[in-house]
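Structure, as structure tokens:
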There are 2 protein chains.
Amino acid sequence: MNEIRVGGMRFALDLSQPLYEQVLEQVRSSIAKGEIALGEKIPSVREMAQALKINPNTVMRAYQELERDQLTETRRGQGTFITTDADKVSHIRHRLAEEAVEEFLARMSSLGFTAADIANILRAKGGEG
Amino acid sequence: MNEIRVGGMRFALDLSQPLYEQVLEQVRSSIAKGEIALGEKIPSVREMAQALKINPNTVMRAYQELERDQLTETRRGQGTFITTDADKVSHIRHRLAEEAVEEFLARMSSLGFTAADIANILRAKGGEG
DNA sequence: TTAAGTGTATTATATCACTTAATACACTTA
DNA sequence: TAAGTGTATTAAGTGATATAATACACTTAA
């Protein structure tokens, strides 16, 4: 699978998407799922870059987006830490979910599926899984 | 809105995505929704390019993807026509829906939402709309 | 036969996002 | 003081996207 474990997180990078987006999303996912604790330190830019075999600048870009979303706090000279504010995590998590739902519904609507159609499809899906 | 009507279809292009993908998706959407009839001729490459103010090569690329999906048939010297095979349309429509569902569920799962969570969110969404 | 309108192919150019590389600087801690 | 942090800068390369200009094969109607 080319799966890399670093800092208690799992990473699987490919070329289908920008690398910085994949790093961002996979760290964010770990936070949202609670797989990494609040206040915990994540690997340094250089350490992460070396582990993932990508450029430090690329990791930096991902880390800066995490901080802009207030999911992390950076302390110069110390490192990058997950926020200690559970509300921040909850807020971002629901905002991202809202975006996913909106995009999904728009996409299905553009294919001519109604809300009832979608409910049926998901119900069928849930039944088999 | 910068909405352009051409060949019975509506187009609204922006810079958030490749132009050829937007043209592809918007024609495909018109077909899936039955807004354009089976067997009908769609605008020529040059006509579409002029109407949308984009390059003919860009339109060409969108048209070729439609043909690869067998949603259209091209007749040299005559033009590009929607397939007359309703099954083809149905097949593609369900394939795209399947992809949308899979991506949506994966995205929600990466945020730590369960199938039950998702059902609740969509039910709430349906109720208010 | 001809002219206009089709799809199609080719070559060249330009732009932009992404990624890497190499450095350097400010800060914190041991 | 040395090592490890985040951060900034400059340069270069690559690939996808889009445009431009041109040409060719085919179909249809005048």
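Lettering follows sequence order; numbering is per chain, from 1.
Rounded to an integer number of Å, the gap from CD of Gln64(B) to P of dT8(C) is 6 Å. Between the CG atom of Asn55(B) and the P atom of dT22(D) there is a distance of 13 Å, rounded to whole Å.
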| request: Give the intermediate values and the outcome of side chain to side chain contact (heavy atoms under 4.5 Å, CB included) for residues Tyr63(A) and Thr74(A). | output: CA-CA 9 Å; Tyr63(A) 278 22; Thr74(A) 59; 6.0 Å; no

| task | Go through the steps for Val23(B) and Ile54(B) under the test side chain to side chain contact (heavy atoms under 4.5 Å, CB included), then give the verdict. | result | CA-CA 10 Å; Val23(B) 174; Ile54(B) 64 179; 4.1 Å; yes

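Checked by distance alone, Arg46(B) brings a side-chain donor or acceptor within 3.5 Å of a matching partner on the base of dG7(C).
Within the structure, a side-chain polar atom (N or O) of Thr80(B) is placed less than 4.0 Å from OP1 or OP2 of dG7(C). One finds no side-chain N or O of Gln78(B) lying less than 4.0 angstrom from the OP1 or OP2 phosphate oxygen of dG5(C). Side-chain N/O atoms of Ser44(B) include none lying less than 4.0 angstrom from OP1 or OP2 on dG5(C). A close approach under 4.0 Å does not occur between any side-chain nitrogen or oxygen of Tyr63(A) and OP1 or OP2 of dG6(D). A close approach under 4.0 Å does occur between a side-chain nitrogen or oxygen of Arg61(B) and OP1 or OP2 of dT17(D).
The side chain of Glu47(A) has dT5(D) as its nearest neighbour among dA25(D), dT10(C), dT5(D). Set against dT17(D), dA18(D), dA22(C), the side chain of Thr58(B) has dA18(D) as its closest nucleotide. Side-chain atoms of Arg76(A) lie closest to dT7(D) of the nucleotides dG7(C), dT9(D), dT7(D). In the set dA25(D), dT17(D), dT9(D), dT17(D) carries the atom at the smallest distance from any side-chain atom of Pro18(B).
The cationic atom of Arg107(A) (NZ for Lys, CZ for Arg) does not lie both less than 6.0 Å from the six-membered ring centre of Phe113(A) and within 45° of the ring axis.
One side chain, Thr114(B) or Asp117(B), offers a donor N or O that lies under 3.5 Å from an acceptor on the other.
Ranked by how close their nearest DNA chain D nucleotide is to the 5' end, Gln22(B) and Val45(A) are led by Val45(A).
Figure legend. dA26(C) is base-paired to dT5(D); pairs are counted as Watson-Crick or G-U wobble with both atom distances under 3.5 Å.
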